[in-house]
Number of protein chains: 2
Amino acid sequence: MLLSTKGEYGVRCMLDLAIHYGQGPISIRDISKREGISKNYIEQLFVRLRHAKLIKSVRGPKGGYLLISQPRRIKIGDVVRALEGPIAAIRCVQPQNSKDLCERISTCVLYILWKRLTDKINEVLDSTTLEGLCREGMKLSKHRLAHPLPFQI
Amino acid sequence: MLLSTKGEYGVRCMLDLAIHYGQGPISIRDISKREGISKNYIEQLFVRLRHAKLIKSVRGPKGGYLLISQPRRIKIGDVVRALEGPIAAIRCVQPQNSKDLCERISTCVLYILWKRLTDKINEVLDSTTLEGLCREGMKLSKHRLAHPLPFQI
DNA sequence: ACAAATCTGACTAATTTTGTCAAGTATAAA
DNA sequence: TTTATACTTGACAAAATTAGTCAGATTTGT
């Protein structure tokens, strides 16, 4: 599996923030209820998203989290990479430490394959934005509901 | 990371068999030396590849393993799936057990995204064969060596 | 002051990964 | 027929990662 629940849940939470974009700070408690993800775990995910400057927090009562940029400026690739680290087919394409380094890299046919795959993955993730998902979601729910929002994510 | 060392090493070993295709059974001992992967671990990988009917074994002295089909008939996707199980972006796209099942699946925008990504990944893996890699490898080594084989993989 | 919310770090159970090891079985060659 | 070679199987285990939980501190609006 390419993504762990960190990536999966994190993207869900970010989409939740995108859906409520412009409505002021959204609390973890609300997101937790809507998404069925534990408050504590969301806090952990939001630490990473905050460090990556994708969200910001407002403390105190009526506080919560907001997207730093507009949903159309936030690529799913940015979100996933903030949560999971660099996305790659195998380690040698995105070496994290010295033991990932491979001395054959420059002449290795498999490196070429894994690199091509890695690029394709990131291409797909970077060609979708939070806004794009919101729009697709609205289309989906129009078929089922009288009013388009809120839709299931 | 999409693949663990099971997938990485397994593909390396299969490419090694492809390079020596037509030369009779290749022993694990030889592959182990060439690829720098422990004999015991290769044995484990080959159990899966044999069950998937990608390789067959010949016992006794001068025994070893052979590809069942021609290198051009073996897609990297087949190899990877034999070693790692179904390849997917996240679990809900390829549910392995009941807890992976998601009741929102039919109306979920994220499912659409993860499915699209999963399809793209398998597309890349299935568009490359062992023979294709052999050819690319020969091209690479021609630039460095007087004779094209054996090349580094 | 109080309550609502974020923030931080420590902790942990479960699972997966990445192997090792030992004791077989099958078979070709001497 | 003996023997060495090589595959075969299953058990075991250390290390890393995953998927969280928990306690407590901090901030701030009312």
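Naming: A, B, ... by sequence-line order, numbering from 1 per chain.
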What is the separation between atom [atom1] on [X] and atom [atom2] on [N], rounded to the nearest whole Å?
X        : N       : atom1 : atom2 : value
Leu2(B)  : dT17(D) : CG    : C1'   : 16 Å
Leu45(A) : dC7(C)  : CG    : P     : 14 Å
Lys39(A) : dA23(D) : NZ    : C1'   : 12 Å
Met1(B)  : dT18(C) : CE    : P     : 11 Å
Asp30(A) : dT6(C)  : CG    : P     : 9 Å
Asn40(B) : dA6(D)  : CG    : P     : 15 Å
His51(A) : dC7(C)  : NE2   : P     : 9 Å
Lys62(A) : dC2(C)  : NZ    : C1'   : 15 Å

Check: dT21(D) base within 3.5 Å donor-acceptor of Gln44(A) side chain: yes

Quiz item: Arg29(B) side-chain donor-acceptor pair to dT5(D) base, under 3.5 Å: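 Answer is no: no donor-acceptor pair is held.
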
With no hydrogens and no angle check, is any side-chain donor or acceptor of [X] less than 3.5 Å from a backbone partner on [Y]?
X        : Y        : answer
Arg12(B) : Glu35(B) : yes
Arg48(A) : Ala82(A) : no
Glu8(B)  : Leu3(B)  : no

Touch class at under 4.0 angstrom, heavy-atom based, for Gly63(A) against every strand present: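 Sugar-phosphate contact only.
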
Sugar-phosphate only, base, or nothing, as touched by Phe46(B) at under 4.0 Å among non-hydrogen atoms: nothing

From Gln70(A) atom CD to Glu131(A) atom CD, the distance as rounded to the nearest 0.5 Å: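 Gln70(A) atom CD to Glu131(A) atom CD measures 8.0 Å (nearest 0.5 Å).
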
CD1 on Ile74(B) to OH on Tyr21(B), rounded to 0.5 Å: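 If we round to the nearest 0.5 Å, Tyr21(B):OH and Ile74(B):CD1 are 7.5 Å apart.
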
Toward the 5' end of DNA chain D, by each residue's nearest nucleotide, Arg91(A) or Val58(B):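 Between the two, 5'-proximity favours Val58(B).
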
For [X] and [N], is the shortest distance between a side-chain N/O and OP1 or OP2 below 4.0 Å?
X        : N       : result
Ser38(B) : dT20(C) : yes
Tyr65(A) : dC7(C)  : yes
Tyr9(A)  : dG20(D) : yes
Ser4(A)  : dA19(D) : yes
Ser57(B) : dT8(D)  : yes
Arg50(A) : dC7(C)  : yes
Lys6(A)  : dT18(D) : yes
Thr5(B)  : dT18(C) : yes

Note, Leu133(B) side chain near Leu110(A) side chain (heavy atom, < 4.5 Å): yes

Residue Glu43(A), side-chain heavy atoms: nucleotide from dT26(D), dT20(C), dT8(C) that is nearest: dT8(C)

Selected nucleotide, minimal atom distance to Arg59(A) side chain, candidates dT8(D), dT26(D), dG29(D): dT26(D)

Of all pairs that satisfy side-chain hydrogen bond (donor to acceptor under 3.5 Å, both in side chains), the ones with a partner from residues 112-123 of chain A, not counting sequence neighbours: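 Non-adjacent pairs meeting side-chain hydrogen bond (donor to acceptor under 3.5 Å, both in side chains): Arg81(A)-Asn122(A), Lys115(A)-Asp119(A).
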
Pairs flagged by side-chain hydrogen bond (donor to acceptor under 3.5 Å, both in side chains) wherever residues 50-61 of chain B is involved - sequence neighbours left out: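 As it turns out, there is no side-chain hydrogen bond (donor to acceptor under 3.5 Å, both in side chains) pair with a partner in residues 50-61 of chain B once direct neighbours are skipped.
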
Bend angle of the helix from dA1(C)-dT30(D) to dA30(C)-dT1(D), end axes from five pairs each (to 10°): 10°

